[in-house]
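Reviewing the structure listed below.
In what follows, chains are A, B, ... by sequence order, proteins preceding strands, each numbered from 1.
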Amino acid sequence: MKYWLMKSEPFVYSIDDLARDRITSWDGVRNYQARNFIRDDMQIGDMAIFYHSNSEPPAAVGVCRISSEAIIDETQFDHGNENFDPRSKPENPAWIAREVSFVKKFRKQVSIDEMRANKKLSEMLILRKGNRLSVTPITKQEFDEILKMGE
DNA sequence: GCCAACGTTGGC
DNA sequence: GCCAACGTTGGC
């Protein structure tokens, strides 16, 4: 089993939205490196930290679980969708999604400042300067540590 | 294949 | 709103 950190802007889709929906399609990823993680490295049952980016403060806010195989991201073919990709063809879809299901919302959100202050989390990609990947692998130790901080 | 220009991300 | 960092695009 692997562990992940997945970023979402809360005014687009928040942990409360996932708590309400219980399951959602994690689509709209338009970066090849992140796409490859989703397509090739994720497995059903993997756990992920749900992180709010572009929020005040940016913070880890909960946990979700990868709950489907790699599926086609239908938004790439939807002309009205902001993630429409005119270069992607249905016979060879460029973009992939996964269903993720709600596990828990943290009692206390874990801000980026708190994560930076924790030496055990210093290797996380999300904290590296210039990192912009919306999906990044983390270790079990990092996952457990964030979980502990959010309790 | 190089690389300048451009667009996007996301913390601040 | 700014801008550093970085990915993508496209002319050559």
Pair A:F37 + A:W4: ring centers closer than 6.0 Å: yes
Under a 4.0 Å N-O cut-off, is there an ion pair linking A:D46 with A:R98? no
With a cut-off of 6.0 Å (strictly less than), are more than 12 heavy atoms of other residues, nucleotides or ligands near NZ of A:K140? no
Less than 4.0 angstrom from a charged side-chain N to a carboxylate O is my criterion; do A:K148 and A:E151 meet it? no
Where along residues 72-95 of chain A does a heavy atom fall under 4.0 Å from DNA chain B? none
May I ask you to check whether A:F77 and A:W95 place their ring centers less than 6.0 Å from one another? no
Could you list, one pair per line, each protein nitrogen or oxygen that sits under 3.5 Å from a nitrogen or oxygen of nucleotides 8-12 of chain B, together with the distance?
{"from": "B:dT8", "atom 1": "O2", "to": "A:R132", "atom 2": "NH1", "distance (Å)": "3.0"}
{"from": "B:dG10", "atom 1": "OP1", "to": "A:K7", "atom 2": "NZ", "distance (Å)": "2.6"}
{"from": "B:dG10", "atom 1": "OP1", "to": "A:R132", "atom 2": "O", "distance (Å)": "2.9"}
{"from": "B:dG11", "atom 1": "OP1", "to": "A:Y51", "atom 2": "OH", "distance (Å)": "3.0"}
{"from": "B:dG11", "atom 1": "OP2", "to": "A:N54", "atom 2": "N", "distance (Å)": "3.1"}

Is the CZ atom of A:R39 crowded by more than 12 outside heavy atoms at less than 6.0 Å? yes
A:S53: which residues meet the side-chain contact (heavy atoms from CB on, under 4.5 Å) condition with it, sequence neighbours left out? A:K7, A:E9, A:Y51
